[in-house]
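Each ligand, and each atom within it, is numbered from 1 in the order the structure gives. Quick caveat, the model's predicted, so the values are computed rather than measured.
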Amino acid sequence: MAISRRKALQFSGVFVASTAVNGYSKTDNLKPPKSLKTNTTYDAPIPKAKGPRVVVVGGGWSGLSVAKYTKIFAPDADVVLVEQRHEFVSCPLSNLWLVDKIELEFLTHDYLQAARENNYTFFHATATGLNREKRVLETSNGDIAFDYLVFAPGIDYDYSRWTDDIAFETRLRQEYPAGFIPGSEHITIRNKVLNFKGGNFILTVPSGNYRCLPAPYERACVIADYFKQKKLKAKVILLDENNAITIKKKGFQSAFDELYKDYIEYYPNTKIQNIDLDNKVVETEFDEIDFEEAAFYPHIRGAKILERAGIAKDAKNMLEADINPLTYEVHGEKNIFVSGDSRPMGFSKSGNTSNSEGHHVAKLLAQKINKTKEVKWQPPTTTCFSAVSIAPERAIYIYTQYAYNKTDASFSFKSTSASEDWKKDGEVNANSIYNWANALYNDMFNK
Ligand SMILES: Cc1cc2nc3c(=O)[nH]c(=O)nc-3n(C[C@H](O)[C@H](O)[C@H](O)COP(=O)(O)OP(=O)(O)OC[C@H]3O[C@@H](n4cnc5c(N)ncnc54)[C@H](O)[C@@H]3O)c2cc1C
């Protein structure tokens, strides 16, 4: 059968389009991409370092400040930030988003902007391993040789104290996420809250130095307030493994008693013994509590990459970084550091603490790069606002610094001030939440 010229062109158009999808066409004569060669190792596709290369793993509150301030204190350094997420979503203030008080846009920030404005390279990849001898970080998108390496990867969950059944753990992670690592977990919890029709909503507080001590209590308050505004027949049941509220106790306790008497039931000193997900019942030593919805916050540990990189230690089952607490250097290494929530020191695992620590770690790096005189240990600072109500907006506040005790090589609180009277100072504190967040976002993402 003869084909007309018009048909032949149509046909060849389809041919070109369909082959272009596969990446090849006779007409453009493309060679297969190099990555299709069967290499077992390959270099990350980033420009050659123009100065001492500093690689930072983790673009959270600590890693972002390490990357920015290293470049400020040591302008010759070639800084690469390796982060597995595409965009930054803030955990601080996320409780307000769960109850529709603020927009997601307020929490979301642009890694590319941070890198552009602060003259470093953002490399989207997951760090998967470390070759210490060769000084190479292995990532999902290629290897990066470094002169200095900083791990700031935050935390992972540890469900092992509740279960060793991986299928059950997977159900907990998927159906009742904790919401202490940002992303889908928060979206799930938000949908649970906004669609709640009534009954019991369980939240839990783990023991140990868990991420953001006040956040579970803040979350209980704002969710209870949301239910109260909606006049739902609903209760937030807060099961706390600790003997009492772990921080800002006066402020939270008075909010529970005075604002949410009919909406929050607080159970201190409560260990969960069993969770029946099919019948939706939690068993504790003394009670059986049924629930319609829940967010189960398990114990935490240092992020798993520390273990894979061979720089984790098992301190009180927390598997945190094995570092010198004063120099932030990994034991036995002079050029590998850890900063932020995966540190083993008992500082508050907070964004403010991690950010201020990041500034200091950048100074330590700059001192090595610039070969200047030794930098003295500097305590991180914890400044933390927590909402206790959303209508009207009221908040409480704490500020803490730390001291190092040489005699027993331990840390303690050096100075602490708090403002927990939400009836008196709550409105001013509530405004300060936004000022604080804007200041810190500005510090991490702008020049
Ligand atoms: C609900 C909630 C409320 C909070 N409220 C406050 C508050 O009001 N004030 C406050 O100061 N703090 C608050 N915090 C605590 C604060 O979010 C954390 O302490 C802070 O995020 C810790 O910073 P970080 O840099 O150590 O870890 P993160 O911020 O978690 O950053 C770690 C980064 O490393 C990345 N990463 C991990 N592994 C890899 C890998 N292998 N490869 C590449 N990237 C990797 C992660 O994706 C992540 O972006 C709150 C936390 C929560 C959950």
Give a yes/no on ligand 1: does A303 have at least one heavy atom closer than 4.0 angstrom to it?
no

Would you say Q229 and D225 are linked by a side-chain donor-acceptor pair, where the criterion is simply a distance under 3.5 Å?
yes

Under 3.5 Å, is there a donor on one side chain and an acceptor on the other for N446 and N442?
yes

Between R161 and E241, is the closest basic N to carboxylate O distance under 4.0 Å?
no

Should R211 and D341 count as an ion pair when the cut-off is N to O under 4.0 Å?
yes

For the residue pair Y217 and D240, confirm or rule out a side-chain donor-acceptor distance under 3.5 Å.
yes

Taking only heavy atoms of S94, which atoms of ligand 1 are found under 4.0 Å from at least one of them?
1 (C)

The atoms of ligand 1 lying under 4.0 Å from a heavy atom of G60, numbered in the order shown, are 25 (O), 28 (P), 29 (O), 31 (O), 33 (C)

At less than 4.0 angstrom from any non-hydrogen atom of D341, what atoms of ligand 1 do you find?
18 (C), 19 (O), 20 (C), 22 (C), 26 (O)

Expected output: side-chain K280 to main-chain E292 donor-acceptor under 3.5 Å:
yes

Distance under 4.0 Å to a non-hydrogen atom of K349: what atoms of ligand 1 satisfy this?
15 (C), 19 (O)

In terms of residue, atom name and distance, what is the protein heavy atom nearest to atom 2 (C) of ligand 1?
C91 O, 3.6 Å

So that I can tick it off, tell me whether R53 and D78 are bridged by a salt bridge, with the cut-off set at under 4.0 angstrom between side-chain N and carboxylate O.
yes

Which atoms of ligand 1 sit under 4.0 Å from any heavy atom of A152?
32 (C), 33 (C), 34 (O)

Within reach of ligand 1, part of P153 (heavy-atom separation under 4.0 Å)
both

Over all heavy atoms of both residues, which pair between G251 and V388 is shortest? Give the atoms and the distance, please.
O-CG1, 4.5 Å

In this structure, atom 34 (O) of ligand 1 is nearest to the protein heavy atom G58 CA, 3.2 Å

State whether the shortest distance between N or O atoms of S339 and N or O atoms of ligand 1 falls below 3.5 angstrom.
no

Could you list which atoms of ligand 1 come closer than 4.0 Å to a heavy atom of G154?
26 (O), 27 (O), 32 (C)

Under 3.5 Å between some N or O of ligand 1 and some N or O of R211?
yes

List the closest protein heavy-atom neighbour of atom 4 (C) of ligand 1: residue, atom name, distance to the nearest 0.1 Å.
C212 SG, 3.5 Å

Region of I305 that comes within reach of ligand 1 [heavy atoms, distance under 4.0 Å]
side chain

Nearest option to atom 7 (C) of ligand 1, as decided by whichever heavy atom of G183, G351, P92 sits closest
P92

Taking N or O atoms only and a 3.5 Å limit, does R85 qualify as a polar contact for ligand 1?
yes

Check each of H124, R219, E83 against atom 46 (C) of ligand 1 and report the one with the nearest heavy atom.
E83

Matching residue for F201 among F196, Y263, F296 - test: ring pair (Phe, Tyr, Trp, His ring centres under 6.0 Å):
F196

For ligand 1, which atoms sit closer than 4.0 Å to a heavy atom of S354?
22 (C), 23 (O), 26 (O)

Tell me whether N95 has any N or O atom under 3.5 angstrom from an N or O of ligand 1.
no

How does A125 reach ligand 1, if at all, at less than 4.0 Å between non-hydrogen atoms: by side chain, backbone, both, or neither?
backbone

Donor-acceptor check, side chain of Y441 to backbone of M444, threshold 3.5 angstrom: yes or no?
no

Going by distance only, is there an N or O of A127 that falls short of 3.5 Å from an N or O of ligand 1?
yes

Can you sort out which atoms of ligand 1 are near G340, meaning under 4.0 Å from one of its heavy atoms?
26 (O)

For A321, does its backbone N or O pair with a side-chain atom of S342 as donor and acceptor, under 3.5 Å?
no

For the 3.5 Å polar cut-off, considering only N or O atoms, please tell me whether S62 and ligand 1 meet it.
yes

Which one of F180, Y210, W436, F385 has a non-hydrogen atom at the shortest distance from atom 9 (N) of ligand 1?
W436

Are the side chain of N370 and the backbone of F73 linked by a donor-acceptor contact shorter than 3.5 Å?
yes

Ignoring hydrogens and geometry, is there a side-chain-to-backbone donor-acceptor pair from Y399 to T381 under 3.5 Å?
no

Give me the residue, atom name and distance of the protein heavy atom closest to atom 45 (C) of ligand 1.
Q84 CD, 3.5 Å

Checking R190 against D100 for the salt bridge (Lys or Arg N to Asp or Glu O under 4.0 Å) test, could you report, in this order, the C-alpha distance in whole Å, the side-chain angles of both residues, the deciding distance, and whether it holds?
CA-CA 8 Å; R190 181 172 189 268; D100 237 358; 2.4 Å; yes

Nearest-contact summary for atom 21 (O) of ligand 1 - protein heavy atom, Å:
W61 CD1, 3.2 Å

For Y402, run the ring pair (Phe, Tyr, Trp, His ring centres under 6.0 Å) check against F347, F411, W377 and tell me which one passes.
F347

